[in-house]
Amino acid sequence: MNLDWGYFFSLFSMASFWRASITVVEISTLSWGIGLVLGFCVACAKMSTSRWLSLPAAVYIWFFRSVPLLVVLVFVYNLPQLFPSTSAFLGVPFISGLLSLVVTEAAYMAEIHRGGLLSVAKGQREAGHALNIGFLGIQRLIVIPQAFRISLPSLINEYITVIKLSSLVSVISLPELLLTGQRLYTQNFLVLETLLAVAVYYVLIVTVFSSILQWVEKRLDVSSRKPTTLSDGECEEVRKAALPMPLKQNQRSAGAPPALSLKSLRKAYGNHVVLKDVDLNINIGDVVSVIGPSGSGKTTLIRTINRLETLDAGEVILFGEDFLKGGQSPARKTLKSGMLRIGMVFQSFNLFPHMTALDNIMMAPRYHGKAPDQTTNKAQALYLLDRVGLLAHANKYPHQLSGGQQQRVAIARALALSPDIILFDEPTSALDPEMVNEVLKVIQDLAKEGMTLVIVTHEMEFALSVSDRVVMMEHGIIQVNAAPSDIVDETHKTPEMVRMREFMGRQA
Ligand code: ADP
């Protein structure tokens, strides 16, 4: 038997097939788009801490992933038998088909979105929190763009699946490609030629639309962007437009309250008490280094100061005003104004990978409306980048920068909100030795200019050279709080001082 090629080719000039192709594209695109949004809501509900949201979302996903689409289609199309008032719209095959595809696809897409959301590192949310960006802001600006980028290949794959699944809608008499073909071959019995043409139409649609989506995916992929370093001449030009942003210097004056006063801070993880009634005063303009063995509670201490960890008991007083109290939620206004006064730099930088160095710095001031306009915001961000020696790298993405450069951008990002105090959580621990000094130099410059700094560090010599006080923690308590001059003075022979010198690798 030979195929009738003349008939086969004639099917590509048949208006009913092109109309059917448009129907396929319409129903697939709409159900993919609506399913994408609905699936995202279902994923958020499933990840919610509220059982009232997570349980129904889990049941929804389980149910619609278990029931075959064909069953859903026939059921939805026949619902008007139960609810006659729905016949006006469910009686329309396109609408019943769309509804069935949407509810089924949303269940699959919810799991794709959930995978994307889970893969965004915790440090990203923490960096948003440290910049005092609200929950929704963190989702919108930080989490969703990254999660969407991760989910996109699977979502594109789902679009192709939807295009193919749309052929099932033929069972409820929607004249899509398969039904159009079936109607033809039941009259002329040229089954193979007709189905071959139907297959070609599908391949055409899938090829065109998956190419478009892959192009979008590529555009969103910052990892494939070419790094651009500004030349010296370009830097000079940009420098002219940069707007100086002096550091906030709170005057040390007699009788002024400390910048930070920690009173009886207590924190436990389960039955492991990590902070045992820690008291510490940090004066305005002071640089305090916190040292101590691993697991002694140093990181926990500074994370409680900006609420990355909640306090069980105790108080944090900021410039003489109540800020945090153990076991109590602070008033929104107090929290917001307090958080804006405290910047934080993390061990693992936590730069936002989908933004350039410049955008990383501009984001928080833009969110908080700190600069009068975007031109000023950009000019100030450029100034800060220049300050940390990275003006030439303004347009690079974090993955295009070395660890030391990333950390310097992270410092500039913290400075962009003009904080009064900056907390550093082991800022050089994740760096190769040759990059440590470039970061320490930036911190040293901030110290010289009178910023209040709290630095958790393992760089002992740096701590001695830059600090007004060095605090040693062990077993959740402050063992020693001393000036560097007293630490190096070997005539001080208290057991704590001897232990501290030993820990610092100095002669006891
Ligand atoms: P350091 O910074 O001095 O190395 P940390 O403050 O990071 O110490 O940790 C102090 C102790 O608290 C460690 O024993 C650590 O295992 C524990 N810890 C820290 N974070 C958590 C957490 N999220 N859950 C449970 N235990 C934690």
Side-chain angles (χ1 to χ4, degrees), residues 47 49 118-130 135 138 143 260 262-280 282 287-316 324 326-327 329 342-350 403 407 410-411 414 421-431 436 439-440 443 453-464 466-467 469-482 487 496-497 499-505:
M47 291 171 76
T49 46
L118 286 173
S119 63
V120 177
K122 183 173 163 232
Q124 291 291 305
R125 293 178 177 84
E126 290 190 344
H129 173 92
F135 175 80
I138 290 178
V143 177
L260 257 180
L262 314 180
K263 290 190 187 302
S264 304
L265 297 195
R266 222 179 149 71
K267 171 78 188 169
Y269 294 109
N271 56 7
H272 179 191
V273 183
V274 178
L275 298 180
K276 300 170 184 164
D277 296 319
V278 173
D279 287 296
L280 181 65
I282 295 164
V287 176
V288 174
S289 292
V290 184
I291 63 166
S294 208
S296 56
K298 307 179 296 293
T299 295
T300 307
L301 179 70
I302 64 164
R303 284 168 63 89
T304 53
I305 297 173
N306 72 349
R307 233 172 160 245
L308 282 171
E309 299 291 346
T310 52
L311 271 176
D312 295 340
E315 272 181 80
V316 177
L324 303 174
S329 295
I342 305 173
M344 178 140 186
V345 174
F346 297 85
Q347 179 179 351
S348 46
F349 333 130
N350 295 345
Q407 193 59 299
I411 295 172
I421 302 168
I422 301 190
L423 311 173
F424 288 87
D425 183 11
E426 302 193 25
T428 56
S429 297
L431 299 177
V436 169
V439 172
L440 294 183
I443 301 176
L453 309 177
V454 185
I455 311 164
V456 172
T457 184
H458 291 292
E459 300 290 333
M460 300 305 165
E461 290 311 312
F462 171 75
L464 285 176
V466 81
S467 312
R469 314 277 313 167
V470 179
V471 166
M472 175 158 146
M473 287 193 74
E474 205 162 17
H475 308 305
I477 55 173
I478 291 181
Q479 299 281 7
V480 189
N481 177 354
I487 299 170
E496 292 82 11
M497 206 60 118
R499 165 81 185 112
M500 188 178 199
R501 277 192 213 109
E502 267 171 13
F503 177 75
M504 295 182 95

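As the structure is a prediction and not an experimental result, all values here were calculated from the model. Both ligands and their constituent atoms are indexed starting at 1 by order of listing.
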For [atom], what is the closest protein heavy atom, and at what distance to 0.1 Å?
atom                    : result
atom 7 (O) of ligand 1  : T299 CB, 3.6 Å
atom 4 (O) of ligand 1  : G295 N, 2.7 Å
atom 6 (O) of ligand 1  : T300 OG1, 2.5 Å
atom 16 (O) of ligand 1 : H272 CE1, 4.8 Å
atom 3 (O) of ligand 1  : K298 NZ, 2.8 Å
atom 19 (C) of ligand 1 : Y269 CE1, 3.4 Å

Taking the side chain as everything from C-beta on, heavy atoms only, tell me whether L301 gets closer than 4.5 Å to L262.
yes

Are V143 and Q124 side-chain neighbours, meaning at least one heavy-atom pair lies under 4.5 Å?
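No, too far: nothing below the 4.5 Å cut-off.
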
Enumerate the atoms of ligand 1 whose separation from the nearest heavy atom of [X] is less than 4.0 angstrom.
X    : result
V274 : 10 (C), 11 (C), 12 (O)
S294 : 4 (O)
G297 : 1 (P), 3 (O), 6 (O), 8 (O), 10 (C)

Contact check: S296 vs ligand 1, nitrogen or oxygen atoms, below 3.5 angstrom
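Min N/O separation from ligand 1 is below 3.5 Å for S296.
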
Can you check whether E309 has an N/O within less than 3.5 Å of an N/O in ligand 1?
no

Between ligand 1 and P293, can you find any atom pair, the residue atom being a heavy atom, that is separated by under 4.0 Å?
yes

Can you see which heavy atom on P293 is nearest to which on E474, and at what distance?
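What the structure gives for the nearest pair is CG-OE2, 3.7 Å.
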
Looking only at heavy atoms, which two atoms of N481 and R469 are closest? And how far apart?
O-NH2, 2.7 Å

Whether the side chain of N306 engages the backbone of A130 through a donor-acceptor N/O pair (distance < 3.5 Å, no angle test) should be reported.
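No, because the side chain of N306 does not come within donor-acceptor range (under 3.5 Å) of the backbone of A130.
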
In a check of side chain to side chain contact (heavy atoms under 4.5 Å, CB included) between I443 and each of I455, V287, I422, which one passes?
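Per the side chain to side chain contact (heavy atoms under 4.5 Å, CB included) rule, the option paired with I443 is I455, out of I455, V287, I422.
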
Return the CD1 to CG distance between I478 and L280, rounded to the nearest 0.5 Å.
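If I round to the nearest 0.5 Å, the distance is 4.5 Å.
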
Charged N to carboxylate O under 4.0 angstrom, R303 versus E309?
yes

